[in-house]
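Inspection log for the structure reproduced underneath, given as structure tokens.
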Protein chains: 2
Amino acid sequence: MATEGFEAVTVARTAAAAGISVGLVQHYFPSKDDMLLHAFTHARNRTQQRVLADAQRADLSGARIEHILLDALTELLPLDERRRRECRVELAFTGRTVDNPRLAQSLGESNAHLRAMLAQAIRNGKECGEVPNATDDSTKAARILATLDGLKLHAYIEPDTMTPTAARAALAEQLRRVFTGPCDHRPSTKRTRR
Amino acid sequence: MATEGFEAVTVARTAAAAGISVGLVQHYFPSKDDMLLHAFTHARNRTQQRVLADAQRADLSGARIEHILLDALTELLPLDERRRRECRVELAFTGRTVDNPRLAQSLGESNAHLRAMLAQAIRNGKECGEVPNATDDSTKAARILATLDGLKLHAYIEPDTMTPTAARAALAEQLRRVFTGPCDHRPSTKRTRR
DNA sequence: TTCATAACAATACAGCCATACGATTATGGG
DNA sequence: CCCATAATCGTATGGCTGTATTGTTATGAA
């Protein structure tokens with residue numbers, strides 16, 4: 001999918017690429033749609049857990065939440081060839097989502113998870129003064145995620161207009177508007193951080 | 001495409017829906033891809049010209065550019081059933097764009113056009129004090145468009161989380177950050193607008 | 001050891017779809 | 001009126017692909 005496109009994916013070729021038989025693929029996935037759904041869910045979970053782990057590691061450094069988030073979300077942008085490939089399959093899947101309820105549900109759950117983590121991060125930001133208390137974390141989280149996806153799309157489709165660095169800058173601006181408070185370094189006390 | 005999804009589109013069914021023969025479709029479109037490309041380009045141009053016309057008409061009222069833009073761009077969001085259908089085909093096409101260079105180019109040109117109009121509107125905003133002179137119109141235009149697409153996607157896929165009004169509000173906030181100046185009403189002198 | 005079940009392979013099949021092709025009818029300029 | 005060309009149709013076809021089927025081997029519990 002990453003190298004030849006979504007349409008080039010057939011169960012026969014998938015089996016061949018995996019070095020197994022078509023029958024074995026069928027043994028585990030009753031239909032092609034099941035296989036694709038699994039691939040999608042699996043891929044998203046994997047990258048999601050990857051950036052989550054990075055964020056948690058960065059959190060220990062006591063850096064500003066705003067900056068941790070920026071780095072974490074930037075990871076989801078098509079910055080280099082590897083991440084471009086990831087974006088390619090994700091965007092292709094997202095496109096099918098429109099016509100495929102099962103894919104749509106999987107995407108919805110994944111996004112809900114991301115949003116929840118973002119909202120938690122914003123709430124943590126309130127705790128240590130980076131975010132004004134009046135901020136509606138859910139709303140802001142949803143907006144940040146939507147912006148991220150928009151940037152992802154444009155950075156992929158039109159890399160000349162929306163360069164990776166430009167996308168990152170746009171994301172930074174978006175975060176800047178939520179994390180308006182000072183507090184350059186946080187206390188090293190225990191804090192609830194997912 | 002709007003009612004049964006992208007994959008349900010076949011040249012035979014398309015011909016039937018148009019009340020003509022398969023051969024005639026081939027007469028005008030050498031291949032199915034050509035047909036699809038035409039459909040995409042045509043659809044985008046049509047809605048683009050529609051919102052442009054609306055914006056020009058609204059411009060005569062002397063309203064704030066910020067508000068004119070908000071209304072115009074909101075038109076591209078899946079607010080009601082009609083616009084939901086439009087978004088469906090657009091999103092489906094956008095998804096294929098990732099694997100189809102010809103579609104990608106068409107989308108690129110269309111977006112470039114939109115961005116140019118947006119940038120011009122921002123420049124006009126500078127003229128009448130709605131926008132600070134230091135603003136980089138190209139960058140802001142690109143960001144607004146990316147945000148719009150992100151909101152479009154999320155409002156379509158997850159209408160419960162990103163409701164139409166929420167999407168509009170997010171767009172309004174984004175515009176608010178560019179059109180920071182006062183100037184509640186503009187002079188009725190001639191101005192270069194698009 | 002036995003045997004049910006999982007893992008795995010090879011192939012057959014049936015449907016669908018884009019495209020090719022040949023033929024027929026309209027049409028408008030000379 | 002002629003005739004080249006466009007418009008239009010109906011159908012054939014060949015390739016591809018998802019899935020069903022059948023068969024074989026491994027495995028692990030009883």
Side-chain angles (χ1 to χ4, degrees), chain A residues 1-46 85-86 88-108 110, chain B residues 1-46 85 88-108 110 157:
Chain A
M1 202 177 297
T3 60
E4 301 188 58
F6 198 105
E7 299 206 337
V9 174
T10 146
V11 338
R13 299 187 71 182
T14 304
I20 62 177
S21 69
V22 174
L24 190 51
V25 174
Q26 291 179 290
H27 181 64
Y28 290 102
F29 302 107
S31 78
K32 182 187 182 182
D33 268 4
D34 290 321
M35 179 182 82
L36 256 17
L37 175 61
H38 176 82
F40 182 46
T41 308
H42 180 69
R44 274 196 71 105
N45 286 347
R46 210 161 60 100
R85 288 164 57 93
E86 284 186 3
R88 180 177 184 179
V89 342
E90 176 162 336
L91 290 173
F93 267 123
T94 303
R96 321 287 156 153
T97 283
V98 174
D99 296 329
N100 186 328
R102 295 172 69 194
L103 283 183
Q105 182 180 350
S106 177
L107 178 61
S110 175
Chain B
M1 204 178 296
T3 61
E4 302 189 57
F6 198 105
E7 299 206 339
V9 174
T10 144
V11 338
R13 299 188 71 182
T14 304
I20 62 178
S21 71
V22 174
L24 190 51
V25 174
Q26 293 178 295
H27 180 62
Y28 290 102
F29 302 106
S31 78
K32 183 188 182 183
D33 268 4
D34 290 321
M35 180 182 81
L36 256 16
L37 176 61
H38 176 82
F40 182 48
T41 308
H42 180 69
R44 273 197 72 105
N45 286 347
R46 209 160 60 100
R85 287 164 58 94
R88 180 178 184 177
V89 342
E90 175 160 335
L91 289 174
F93 266 123
T94 303
R96 322 286 155 155
T97 284
V98 173
D99 296 328
N100 187 328
R102 294 172 68 194
L103 282 183
Q105 183 180 350
S106 176
L107 178 62
S110 176
I157 301 285

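In what follows, chains carry the letters A, B, and so on, assigned in the order in which the sequence lines appear, proteins first and then strands, with residues in each chain numbered from 1.
- In terms of phosphate contacts, A:Ser31 brings no side-chain nitrogen or oxygen within less than 4.0 Å of OP1 or OP2 of D:dG18.
- One N or O donor and one acceptor, one from the side chain of A:Gln26 and one from the base of D:dA20, sit under 3.5 Å apart.
- Counting only heavy atoms from C-beta outward, the side chains of B:Asp34 and B:Arg102 approach each other to under 4.5 Å.
- Here the side chains of A:Val25 and A:Lys32 are not in contact, with every heavy-atom distance at 4.5 Å or above.
- Nearest-nucleotide mapping onto DNA chain D: of A:Gly23 and A:Ala8, the residue sitting toward the 5' end is A:Ala8.
- Contact annotation: the side chain of A:Asn45 approaches that of A:Thr41 to within less than 4.5 Å [non-hydrogen atoms, C-beta and beyond].
- Following rounding to the nearest Å, A:Ile20 (CD1) and C:dA6 (P) show an atom-to-atom distance of 18 Å.
- B:Glu7 places its CD atom 11 Å from the P atom of D:dG18, with the value rounded to the nearest Å.
- Applying the 4.0 Å criterion to OP1 and OP2 of C:dA6, one finds that A:Tyr28 has every side-chain N and O outside that range.
- Separating the CZ atom in B:Phe40 from the OG1 atom in B:Thr94 is a distance of 5.0 Å, to the nearest 0.5 Å.
- Distance B:Phe6 CZ to C:dC17 C1': 15 Å, rounded to the nearest Å.
- Put simply, CG on A:Asp33 is 16 Å from P on D:dT17, counting in whole angstrom units.
- Candidate nucleotides D:dG18, C:dT19, C:dA9 were compared by shortest atom distance to the side chain of A:Thr10, and D:dG18 ranks first.
- Set against D:dT17, C:dA9, D:dT8, the side chain of B:Leu24 has D:dT8 as its closest nucleotide.
- Between A:Phe6 and A:Phe93, the ring-plane angle classifies as perpendicular under the 30° and 60° cut-offs.
- Atom-to-atom, CE of A:Met35 to P of D:dT19 comes out at 9 Å; the value is rounded to the nearest Å.
- Closest of all the heavy-atom pairs between B:Val22 and B:Ala12 is CG2-CA, 3.9 Å.
- Residues B:Met35 and B:Gln26 have side chains not in contact (no heavy-atom distance under 4.5 Å, counting atoms from C-beta outward).
- Of the side-chain N and O atoms in B:His27, none sit less than 4.0 angstrom from OP1 or OP2 of D:dT8.
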Protein and nucleotides 12-15 of chain D: nitrogen or oxygen contacts under 3.5 angstrom:
none

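- Defining each end axis of the helix from C:dT1-D:dA30 to C:dG30-D:dC1 as the rotation carrying four pairs' C1' atoms onto the next four, with five pairs an end, the two axes are found to diverge by 10° to 10 degrees.
- The NZ-C1' distance, from A:Lys32 to D:dA20, rounds to 17 Å in whole Å.
- Note: CZ (A:Phe29) to P (D:dA20) measures 16 Å, nearest angstrom.
- The residue from B:Val98, B:Asp33, B:Leu37 that alone fulfils the side chain to side chain contact (heavy atoms under 4.5 Å, CB included) condition with B:Leu103 is B:Leu37.
- B:Arg88 is listed as a side-chain neighbour of A:Asp99, based on a closest heavy-atom distance under 4.5 Å.
- Listed nucleotides C:dA18, D:dT11, D:dT8 differ in distance to B:Ser21; the shortest reach to its side chain belongs to D:dT8.
- Pairing each heavy atom of A:Arg13 with each of A:Ala8, the nearest pair is NH1-O, 3.5 Å.
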